[in-house]
There are 4 protein chains.
Amino acid sequence: MTAPTSRRGRPRGAGTDQAILDAVRALLVEHGYSGLTIEGVAARSGVAKSTVYRRWTTKADLVVDAVVDTLTPLFAAPPDSAPEDLLRALVTALSQPASRAAFLAVISEAAVDPMVHERAATRLIEPSRRLVERCSAGVDTAIDGDLLFDVIAGAVIHHVLVRGLAGDEAFIAGLLGAVSPHRVGAAGS
Amino acid sequence: MTAPTSRRGRPRGAGTDQAILDAVRALLVEHGYSGLTIEGVAARSGVAKSTVYRRWTTKADLVVDAVVDTLTPLFAAPPDSAPEDLLRALVTALSQPASRAAFLAVISEAAVDPMVHERAATRLIEPSRRLVERCSAGVDTAIDGDLLFDVIAGAVIHHVLVRGLAGDEAFIAGLLGAVSPHRVGAAGS
Amino acid sequence: MTAPTSRRGRPRGAGTDQAILDAVRALLVEHGYSGLTIEGVAARSGVAKSTVYRRWTTKADLVVDAVVDTLTPLFAAPPDSAPEDLLRALVTALSQPASRAAFLAVISEAAVDPMVHERAATRLIEPSRRLVERCSAGVDTAIDGDLLFDVIAGAVIHHVLVRGLAGDEAFIAGLLGAVSPHRVGAAGS
Amino acid sequence: MTAPTSRRGRPRGAGTDQAILDAVRALLVEHGYSGLTIEGVAARSGVAKSTVYRRWTTKADLVVDAVVDTLTPLFAAPPDSAPEDLLRALVTALSQPASRAAFLAVISEAAVDPMVHERAATRLIEPSRRLVERCSAGVDTAIDGDLLFDVIAGAVIHHVLVRGLAGDEAFIAGLLGAVSPHRVGAAGS
DNA sequence: CTATAAGCGAGACGGTACGTCTGGTCTTGTG
DNA sequence: CACAAGACCAGACGTACCGTCTCGCTTATAG
């Protein structure tokens, strides 16, 4: 995930990365970010502490990767998807318990630690933004692009992450309707 | 803040609570939630560790109280305020550096620890929600109340907390315009 | 036990001293000297911590008094007693569980703390020494007086305190025989 | 001193045990057993607290080892030594200020804590007993072996540890003479 | 076929902070 | 005044992790 994997020496264990990230997600759900320990991750994944440190330098790095790892496929939606599908992908991705804990942990740390902010911005926030932009492209709205990002991403975050509610079809349709007045079945005038 | 202050024994020091909460806010800004230590709070506020533990049982309790302590006046806007003023109060409240770190930390921990969830919900989230509700009441919108909460609170959270941007007048006006199509000078059709 | 009991104000509680010393002896047997806590003594005797501190300034003082309190009668053997009786009194005194713990604790602390040494010397060690001296006076021995003190007191200490054995009649008779060759029924030639 | 020194993992630091035991002895002399702190031992020996706890589980264990560490060479006297030499070795060993404080501390705790008693019995009392027995073997005495142990060890303890006197040649010769009436130059008839 | 290089588990190491407990002091009320 | 109650500063307790390090061993490629 990190090093360019030089050719000399014994190669890294195959499933080790996955085992570690799985452990991270499980422990995140159980104990939260501040209760997550490298020691615990190593124990849970049956790996030596040094093996974890060899692959990730920081708890924050590790957590970001753990989230990205599950989100990546969902970010890679087909290019011609309908706005509903894109939004549904985002909502579904963030609804996973592990993602929920991890995402909140990451943005919370990012507000305070520039390193985490940097990494989170490129690996988490930007892909989300692109998803929302592709959403907007298919929607007839008068709202400015930057504000639209705040409105759509914010509504999803508040609904799913902060309030912990399920992001069902009604929510998705309602949100799209709220930003696009002329949309069929929408709430606008 | 916590005990019913019985009459027996030596009474608690007068300014001690404030000294501790001040230290918490300062350290929150400097090191973030996970970097905040009770040991550090005690040292910074010139108080024995046991004195902190006597008054607050949990780091989360302490942090919630530290933030609520400064936010309360901001939440108490006059009852007949205009939506802009209410929204501005919310944005201002969340923009305080200490509040930003604390708010995110608290909702992040709340997702995992029911005790924190409980305390945060009543003391932090609910006041915010009431502010948003009073906002909605003064706005001519077609958006459903529950969704409107997600949209307004979410946009503010995303803009101010997640992206770390300043909540200036343009943002406030834009957001109100986005949810209220007929508003003068708004972005709607 | 300490203050000259002035006449002003509320008089000291009657049985309080005894309650405290009883608690000390009980706790000494249960937890030893280093495990003995003023906090624990106060709790056990149903007295406030400050009441204990008002009457004794030091844990060592308290312990010495607690032991002396029970030992005094045992040291007061009739002046014309036989050596056996005197030795038996000494052995009996040191065999009390509380005395055993306290005696060792006190001589151990005395080796390091001059204040303890002072108090222990006058109240505990000296009475023991006088008992041994009266013993020696009644024994027909060729051993020098000073060495005799080491031999008799040492043997008792080693047997009773260090090894924790009961000081029965056989031991008493054996010891007297060992230092007095011509004694009837003694072990010497 | 404790673990069977498995071969896995990073090996333990070479001089660390000695540095710790040295610190223990120094602090025992300065502050006594009850004033001895693991925290202080770690600081004094320039070692982390966890390193001390990794090697000894208990303050008592630590102190026992600190004493045994200085006594061991003296227990290993040549098998054909004269009684005087054996006794002199014992007296010299116990006369070191550190040994004095430590020995008293150990027997004092042993009277109260079975774990300490156990450890002290095997590592301290038994070797001492063997030393005294080898002493007895070279001495013509009529005193029973068990009582002889009490007399010789007791006299040494009382003279050196309790009274804090120097164990000079006169004391050694006098003690051997006291238990062996026919000895050349002895005090017996 | 031997170097050389890296991965890996294990665990020691110097640290920091934890949350608890006790010490000894002090400051209130009540008796 | 004595006393109980209890706040207060100070600091040790024993534990848990931190991130680094040193081992012995394994597994690869490169010469």
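In what follows, chains carry the letters A, B, and so on, assigned in the order in which the sequence lines appear, proteins first and then strands, with residues in each chain numbered from 1. None of these values were measured; they are calculated from a predicted model. Computation of the quantities below employed the complete heavy-atom set of this structure, encompassing side-chain atoms and omitting hydrogens, waters and symmetry-equivalent molecules.
Side-chain contact between C:Arg55 and C:Leu62 is absent, with no heavy atoms from C-beta onward closer than 4.5 Å.
The interatomic distance linking A:Asp61 (CG) with F:dG19 (C1') rounds to 14 Å, in whole Å. Going from atom OH of C:Tyr33 over to atom C1' of E:dG23 covers 13 Å, rounded to whole Å. In this structure, CG of C:Leu62 is placed 11 Å from P of E:dG24, rounded to the nearest angstrom. Atom CZ of B:Arg8 is separated from atom C1' of F:dA2 by 13 Å (rounded to the nearest Å).
Remark: C:Thr58 pairs with no residue by the side chain to side chain donor-acceptor pair (under 3.5 Å) rule, at least two apart or across chains. By the side chain to side chain donor-acceptor pair (under 3.5 Å) test, C:Glu30 pairs with C:Arg44, sequence neighbours left out. For B:Ser34, the side chain to side chain donor-acceptor pair (under 3.5 Å) partners at least two apart in sequence or on another chain are A:Glu109.
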Which atom pairs, donor and acceptor, lie under 3.5 Å between side-chain atoms of residues 19-26 of chain B and protein residues at least two apart or in another chain?
unit_1	atom_1	unit_2	atom_2	d
B:Asp22	OD1	B:Arg25	NH2	2.6
B:Arg25	NH1	B:Ala66	O	2.6
B:Arg25	NH1	B:Asp69	OD2	3.1
B:Arg25	NH2	B:Asp69	OD2	3.4

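For residues 97-107 of chain A, there are no salt bridge (charged side-chain N to carboxylate O under 4.0 Å, His left out) pairs, not counting sequence neighbours.
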Reading nucleotides 13-20 of chain E from 5' to 3' and marking B where a protein heavy atom lies under 4.0 Å of the base, S where only the sugar-phosphate is that close, and - otherwise, the string is BBB-BBBB
